[in-house]
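Everything on this sheet refers to the single structure shown next.
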Amino acid sequence: MSIPPLDDRMQRLTAVRPRLLSFARLHLRNHAQAEDAVQDTLEAAIEKQDSFSGRSGYETWVFGILKFKILDTMRAQKRQGTWQPLEDEADDEAIDRQFRRNGRWVKEARPASWGEPEAAFESETFWQVFDACMIALPDNVARVFSLRELMGLSTEEICRELGIKENNCWVILHRARLRLRACIEQGWLREETP
């Protein structure tokens, strides 16, 4: 994989900024702090552009920088007493209706085939729908899912950062995955089908 030229990287930073900001707002719940984290990320990406080796996508590398900026800000929020912990997730009857008592899927709620996963991940439409579905999730659900699946934290780290119990974390992750699957199937698979 080749390293993109400087002009291309600057255009890509400009293009990815709204997604960075959405991601930071989700975790920090403070617009000014999210803006600061994104600005620090963009500055670091520009200053350290020579350290981008091309082993991952450029945007992935930039999101990796943002991940550490967000975690630093979350820790600072805790120290300053401005941290907003998650509320315990209440039972969600809509999700429970997707399963029978024996734990098997209700026929109508069964997951649809997504085809070739690699092709889906390369589709701009898929990522637009994914972003919309993430925004539609409740804040606490999106935050836990994002920390686990997009930022790569372990459940132990998530529990420590958010001050929740491990079983609550697993329940939130399960519900996030079910809601995202249903939303993506509605917004992407049906749109892609002729």
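Along the sequence shown, the residues carry numbers beginning at 1.
Among residues two or more places apart in sequence or in another chain, the salt bridge (charged side-chain N to carboxylate O under 4.0 Å, His left out) test is passed with Asp36 by none. Residues meeting the side-chain contact (heavy atoms from CB on, under 4.5 Å) test with Leu150, sequence neighbours left out: Phe23, Phe130, Met134, Ser146. Remark: Arg177 engages Glu149 in a salt bridge (charged side-chain N to carboxylate O under 4.0 Å, His left out) (not counting sequence neighbours). Under the rule for a side-chain hydrogen bond (donor to acceptor under 3.5 Å, both in side chains), the partners of Arg25 that lie at least two apart in sequence or sit in another chain are His31. Considering only residues two or more places apart in sequence or on other chains, Glu35 meets the salt bridge (charged side-chain N to carboxylate O under 4.0 Å, His left out) condition with Arg17. A search for side-chain hydrogen bond (donor to acceptor under 3.5 Å, both in side chains) contacts involving Glu166 returns Trp170, not counting sequence neighbours. When the salt bridge (charged side-chain N to carboxylate O under 4.0 Å, His left out) test is applied to Glu156, the partners found at least two apart in sequence or on another chain are Arg160. The side-chain contact (heavy atoms from CB on, under 4.5 Å) search around Cys169 returns Val144, Thr155, Ile158, Cys159, Ile164, Leu173, not counting sequence neighbours.
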If you look only at distance, which donor and acceptor atoms sit under 3.5 Å apart when one is on a side chain in residues 59-68 and the other is two or more places apart or in another chain?
| residue | atom | partner | partner atom | Å |
| --- | --- | --- | --- | --- |
| Glu59 | OE1 | Arg12 | NH2 | 2.9 |
| Glu59 | OE2 | Arg12 | NE | 2.9 |
| Lys67 | NZ | Met151 | O | 2.5 |

So Leu71 and Arg75, side-chain contact (heavy atoms from CB on, under 4.5 Å) or not? Walk me through it. CA-CA 6 Å; Leu71 290 173; Arg75 290 179 186 122; 3.8 Å; yes

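How far NZ of Lys69 is from CG of Leu42: 10.5 Å, rounded to the nearest 0.5 Å.
Residue Thr73 comes nearest to Ala37 through the heavy atom pair OG1-CB, 4.5 Å, listed as atom of the first residue, atom of the second, then distance.
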